[in-house]
Every structure is written in C-alpha cells, then in structure tokens.
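For ligands, and for the atoms within them, numbers begin at 1 and follow the listed sequence.
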Amino acid sequence: MTHAKALRCRECGREYPLDSINVCEFCFGPLEVTYDYDAIAKVISREAIANGPPTLWRYHYLLPCDREMAVDIAAGFTPLIRAQNLGEALGLRYLYIKNDCVNPTWSFKDRVVAVASTKAREFGFDTLACASTGNLANSVAAHAAKASMRAFVFIPADLEQGKVLGSAIYNPTVVAINGNYDDVNRVCSELSDKYPWAFVNINVRPYYAEGSKTLGYEVAEQLGWQAPDHCVVPMASGSLFTKIWKGLSELSQLGMISSVHTKMSGTQALGCSPIVAAWEGGTLNVQPVRPNTIAKSLAIGNPADGYYALRTMADSGGYAASSTDEEIVEGISLLAKSEGIFAETAGGVVIAGLKKLVDQGRIDPDEVVVAFITGGGLKTQEAVAEHVKPPLQIEPSVNAFEEALASRSS
Ligand SMILES: *Cc1c(COP(=O)(O)O)cnc(C)c1O
Ligand SMILES: [Zn+2]
C-alpha cells in the first residue's frame, strides 16, 4: 500500500501512471513521484513513526512503494550526533553530524536502493542494475542478493579497491568501463533501452530519488521534530541535495514540523564542481566538466539534477563551496580526530566545505547545522593512506615500546 499517486514531469507538469519510466515523452523533463497528502495526513503521526522499525521503513507513509514488499537490509535511521569537538574547532555552537557511514553497505546509497529495489520487485523485474561511481554499485549488489535478483553493476575502471570488492562480494556481475562516470552512464542508458532490467538510477530513478527524502525526515525527528537552520550536503548528480529539502518540506506541509527555514548549502570537490561553478557564476546553467578528483563518489561531470539543486539552493537561501583534494584529506582527518568518525572522501568534501562556509561568514555560529556524512572511510583508504602515521613497529618488550615512543616524540 502506497500513497504515491502518479509520476509528474518537473518541466511541463504532464502526469504518467506509476511505471518504470523516468523522462517525459513530450519535453524530456525528469519525472517525479506525487502523493495524496490528504490521505497521508490521515494515517501519519509522530507516534506512529516512533512505533515503526529503526530503519527508513518507519517513514513508509511517504515512500512510493509497498512496505510489505520491502527489500529490507535495515537501511537508514542512522545516528545524528552532536559534534561538540568539531563545532568548537570550526566555531559553531550547535553542529550535528548525520552519520550515514553506518548504513548496511556503508553509504547513504542504501536509502535510494532500498526504495528502488522494492519498486523494481513490485514491477516484476528479476534483474537490478546501475551506473555507479562506486557506492551505488555496492548497495545494488547487496539489495539484489537479499531480494534473490540478478545484478549488473557498471562502474568506471579506476575506482578504489574497497568499492570494487565492496560490490564483488555480493556476487553481481561487475562491469568496469574504461572511462569516467558520464561514459558509464551513457552506456547504461543505451543498455536500459535494450534489456528488461531495472537500472535503479535510470528507468526507476523517480523512485530511487525518493529514498533520499528519508534523510530529511530522520534529521527532523532526531532534532525533536524540527528542521535544522542549515544543511551542508555533498552533491554528485544533485539529487540527494534536492530531496533532503523535499523531505523537510513534506513534513512541514503535513504539519509534523513548523515552517521550514532551512538553508541548503551544497559542496563538491574542486576537481568536479560543475554545480558550485554555476552557483558562483550566478547561472542555473550547469556546464559539464571532466572530473579529476579523489572524491570519486561525487565525480559526475554532467549532473542530472544540477539545475534543480541550484534552484533549491536559491529558494532556501543556501550557498555552495568546493574544496581541493588536499582540503578534502584535511577534512577527513579533522572529522576523525575530533569526532571519531572515519568518512570517505565525500565526507571530507562536506567538512572542508563547511569550514569554508563558516570562514566566509555564510553560516552563523548560533545556527543549528547538520553536516551530512554520506559514506564510510574504509572504502577510500587510498585517499588517506599516505597521511596517517605508520604503526610503531617493535619487538615484544616494554623496553622496545618505550624506546620507540621516545624516538617518535623526539
Ligand atoms: C552518490 C553519493 C552522494 C550524492 O549523490 P547525488 O547523485 O548527488 O544524489 C553523496 N555522497 C556519497 C558518498 C555518494 O556515494
Ligand atoms: Zn514534460
């Protein structure tokens, strides 16, 4: 049972039945799920949600699929942590970290795939597929395993080992393409016309995208049913960024929280920052780039939702920031040292961007700020391997330990 009503074109407003399609036949605009909010308002409540499972399925009222059919590996409802140490280091009194590293496949992509794979199964697909920068492939492979579906995951050939292995272990067919993500995506778009497979971020993308709304719901619930003042979010295609805002807005529309004044700020790596560049140039026109950054999970040179991300940024009064690879590594290190959270490169992008926005005076010290840390660091060890101290290697004696310690501190 779902309260989703239809798919609607974000450009011309034409409506389509809930099917495995993602673009408007008339204007090629992207399709988005619409809901019967009056019906939802009758059944949703803070109490009903609190009595739900400790996963994103507690928000099933606002998802476009049947909870009874859920492909459930317990994605979501991750911790929101009061980051006092990092807040002090940056000059923020009310900083929170939304730690999505601790999802089942160690990234926020479990949210989008939980919804997309459930919908794919509802549609009767027996094969899941995706074009991925790494994390999506991990999650698609895991959910396909749980759902006993076949999986084909397509990735750029130069991904980190942790992400290649992190897919392969679930036994999908991993296809490493000699090219960047935009090449991978082009091949997958052609394949999705030819094969009857559910490409989670192509033909079932409208449902996939809805999974990201749950980050907005959770943060509001975890703050005691209120929206934060400021969200700092990593952007690849820009979809996640827009959907956190949609999630908060829906809660407000349903009367679950008061009006949303949240500023949405987006961050990218300088080596792949088409959305930030457009924001800085004061245009809604995103110019594609060729990615060159250690933040491979965000390396989409031609972001599908870039335009909508810029609109969300403008409508919410948010900002944009990009960071060099060196700043990204410093961001990972700062988060680890101050809060005990080991993030992947996308997390470094967020912390580096957050620092920049504070330094530029874009974020007030008294704002309630949530930084979204969307993936775990064990997947991108290459990025920081040269930047950590090697172990003290010693013979098994107290003496050896004390000598080694003395020589390191000297
Ligand atoms: C995919 C991804 C994002 C952002 O994805 P969008 O395409 O912008 O929705 C952010 N962080 C990580 C770690 C990701 O894997
Ligand atoms: Zn249209």
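For the pair Lys119 and Phe123, the cation-pi test (distance below 6.0 Å, angle within 45°) is passed.
For the pair Lys356 and Glu327, the salt-bridge criterion is met [side-chain N within less than 4.0 Å of a carboxylate O].
The backbone N or O of Gly301 lies less than 3.5 Å from a partner atom in the side chain of Asp182, making a donor-acceptor pair.
Aromatic pair Trp197/Phe152: centroids less than 6.0 angstrom apart.
Excluding waters, the set of protein N, O or S atoms lying under 2.8 Å from the Zn ion (ligand 2) comprises Cys9 SG, Cys12 SG, Cys24 SG, Cys27 SG.
The OH atom of Tyr59 sits 5.0 Å away from atom CZ of Phe77, with the distance rounded to the nearest 0.5 Å.
Dense packing is recorded around CG of Asp364, with more than 12 heavy atoms of other residues, nucleotides or ligands lying under 6.0 Å away.
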**Request:** Quick one: do Asp305 and Arg205 satisfy salt bridge (Lys or Arg N to Asp or Glu O under 4.0 Å)? Show the steps, please.
**Result:** CA-CA 11 Å; Asp305 292 283; Arg205 187 174 178 86; 2.7 Å; yes
**Trace of the salt bridge (Lys or Arg N to Asp or Glu O under 4.0 Å) decision for Arg58 with Glu221** = CA-CA 11 Å; Arg58 68 204 276 109; Glu221 183 182 358; 2.7 Å; yes
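Side-chain contact, Glu250 with Tyr37: a donor N or O sits under 3.5 Å from an acceptor N or O.
The contact shell of ligand 1, taken as protein residues with any non-hydrogen atom closer than 4.0 angstrom, comprises Phe108, Lys109, Asn135, Pro234, Met235, Ala236, Ser237, Gly238, Ser239, Leu240, Ser297, Leu298, Glu344, Ala346, Thr374.
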